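Notes follow the structure.
Treat the numbers as computed from the prediction; the structure is a model and nothing was measured. Note that ligands are numbered from 1 as they come in the structure, with each ligand's atoms numbered from 1 the same way.
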Amino acid sequence: MKVLIVGGGGREHALAWRCAASARVHEVLVAPGNAGTAREPKVRNVEVAAADLPGLVALARAERVDLTIVGPEGPLVAGIVDEFEAAGLRCFGPRRAAAQLEGSKAFAKRFLERHGIPTARSATFTRADFDAAWLRARRTPLVVKASGLAAGKGVVIAADHAEALATVEHMFAGQFGAAGHEVVVEEFLPGEEASFIVMAGGGAVLPLATSQDHKRLEDNDRGPNTGGMGAYSPAPVVTEALHRRIMQEVIEPTIRGLAADGLPYCGFLYAGIMVAPDGTPNVLEFNCRLGDPETQPVLMRLKSDLTELCEAALAGELARSRAEWDPRAALGVVLAAAGYPESVRTGDPIEGLERAAALPGKIFHAGTRLEGTRVLTSGGRVLCATGLGASVAEAQAQAYALADAVRFPGMQYRRDIGYRAIERERGAR
Ligand code: AMP
């Protein structure tokens with residue numbers, strides 16, 4: 001079969017690599033891909049942008065693609081699955097109406113409240129109906145969120161009412177463009193964060209291996225927020241008991257609620273969870289796709305055929321499927337460009353990739369491009385050095401050995417990815 005992966009980041013390199021490993025797949029196309037997918041056996045990049053829906057439909061038709069898997073949220077929220085379905089093409093992901101779970105935080109909050117799924121108390125405003133008195137009556141800190149897609153940047157934790165009011169004003173004034181015309185203000189929830197990713201289809205759910213990412217730029221979770229500086233799997237924070245609670249109190253009611261609302265869900269579903277001190281799993285957000293960089297360590301551990309799982313979900317047969325996981329831990333360290341996340345410099349040459357290829361583990365590319373035979377940086381998150389090991393600590397050592405083998409001017413990365421899990425491992429010994 002022929003598979004098409006939509007997108008060009010580290011998540012998409014991992015998806016393409018995993019699909020290419022399947023004996024039933026003879027070719028994987030990636031639109032538009034990066035230097036890593038360009039060099040992957042059985043994989044071919046095609047210059048069609050992830051946002052070009054008519055171009056992607058035409059590509060899938062012309063190349064007789066059997067299965068398309070969508071990486072980023074943009075095309076899902078724009079309705080890529082509806083377009084592919086209308087053209088008689090199989091595309092793994094939610095339709096536009098269901099992708100609103102990620103595309104509109106206001107929609108997600110109304111959905112959660114309607115179905116009694118635990119989440120922070122909130123109110124949604126536009127400039128026309130903004131109620132400053134409501135906001136002033138709330139306890140601080142408050143969390144202010146642009147409702148629409150803001151590339152992970154539209155969330156501000158405001159320490160006091162003045163900061164919350166100023167943040168709301170900035171969002172209405174267009175700080176995040178149209179994404180901030182509607183604003184969600186919610187209570188701050190204390191606790192520990194966990195992410196939880198499942199595949200869904202035909203009313204059934206298959207949880208993926210647990211994972212955890214690090215959002216902050218600097219060691220010890222300091223510095224500005226980023227798209228993610230590293231991730232590991234499994235995540236010891238998700239104990240068996242918590243896993244059960246998240247399935248029963250969040251995932252299952254979400255899939256049932258979507259079906260009841262006439263929005264049957266097919267695709268990856270990612271729930272960002274804040275575990276309250278009493279163990280309640282509160283939903284912070286939904287993503288309608290895999291996380292980046294969580295995908296890289298999670299797919300390193302997947303032993304089952306990903307294309308078979310996607311096909312089972314699309315056929316409504318996921319209930320009969322099982323996913324097999326490598327019992328080892330995997331850990332990915334993001335190597336970021338100079339200036340990331342504020343003002344990214346691109347065009348720097350990357351060295352040492354051949355040296356790294358001879359080491360155990362795998363370097364996934366994200367913001368890279370080929371220029372002749374040279375690999376240059378082309379985005380904020382450049383590479384994700386991913387290791388495997390008997391423990392998170394061993395996976396971490398393998399990942400850092402890979403990271404140390406490559407270099408480019410201005411390269412920056414955290415030295416402590418996985419530290420919480422490693423502390424837990426030490427505590428358990
Ligand atoms: P979101 O995109 O909604 O997941 O928010 C981004 C990040 O902001 C989350 O990963 C949390 O660290 C933090 N956050 C969001 N909402 C809350 C909340 N209600 N209480 C505490 N932290 C939050």
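Shown are Arg121, Lys105, Arg139, Lys145; of these, the salt bridge (charged side-chain N to carboxylate O under 4.0 Å, His left out) with Glu186 is made only by Lys145.
The closest protein non-hydrogen atom to atom 10 (O) of ligand 1 is Glu193 OE1, 2.6 Å. What sits closest to atom 5 (O) of ligand 1 on the protein, heavy atoms only, is Val155 CG2, 3.5 Å. Atom 17 (C) of ligand 1 has as its closest protein heavy atom Leu284 CD2, 3.5 Å. Counting protein heavy atoms only, atom 13 (C) of ligand 1 is closest to Ile157 CD1, 4.1 Å. For atom 3 (O) of ligand 1, the closest non-hydrogen atom on the protein side is Lys145 NZ, 2.8 Å.
A salt bridge does not link Glu187 to Arg138: none of the charged side-chain nitrogens sits closer than 4.0 Å to a carboxylate oxygen. Arg328 and Glu394 are not joined by a salt bridge, as no carboxylate oxygen comes within less than 4.0 angstrom of a charged side-chain nitrogen. Between Glu193 and Lys215 no salt bridge is recorded (no basic side-chain N to carboxylate O distance below 4.0 Å). Salt bridge Glu249/Arg244: absent, no basic N to carboxylate O contact under 4.0 Å. Note on Asp348 versus Arg407: no salt bridge recorded, every NZ/NE/NH1/NH2 to OD/OE distance being 4.0 Å or above. Comment: Glu192 engages Arg424 in a salt bridge, judged by a side-chain N to carboxylate O separation of less than 4.0 angstrom.
Near Phe188, the atoms of ligand 1 lying under 4.0 angstrom from a non-hydrogen atom of the residue are 20 (N), 21 (C), 22 (N). Of all the atoms in ligand 1, the ones that sit under 4.0 Å from a non-hydrogen atom of Glu186 are 16 (N), 17 (C), 18 (C), 19 (N). Those atoms of ligand 1 that come under 4.0 Å of a heavy atom in Met274, given as number and element, are 21 (C), 22 (N). Interface atoms of ligand 1 facing Glu285, defined by a heavy-atom separation under 4.0 Å, are 1 (P), 2 (O), 3 (O), 4 (O).
Classified by interplanar angle (parallel below 30°, tilted 30° to 60°, perpendicular above 60°), the ring pair His365/His13 is perpendicular.
Inclusion of Leu189 in the set of residues having an N or O under 3.5 Å from an N or O of ligand 1 is warranted.
Residue contacts with ligand 1: Lys215 is excluded, as none of its non-hydrogen atoms falls under 4.0 Å.
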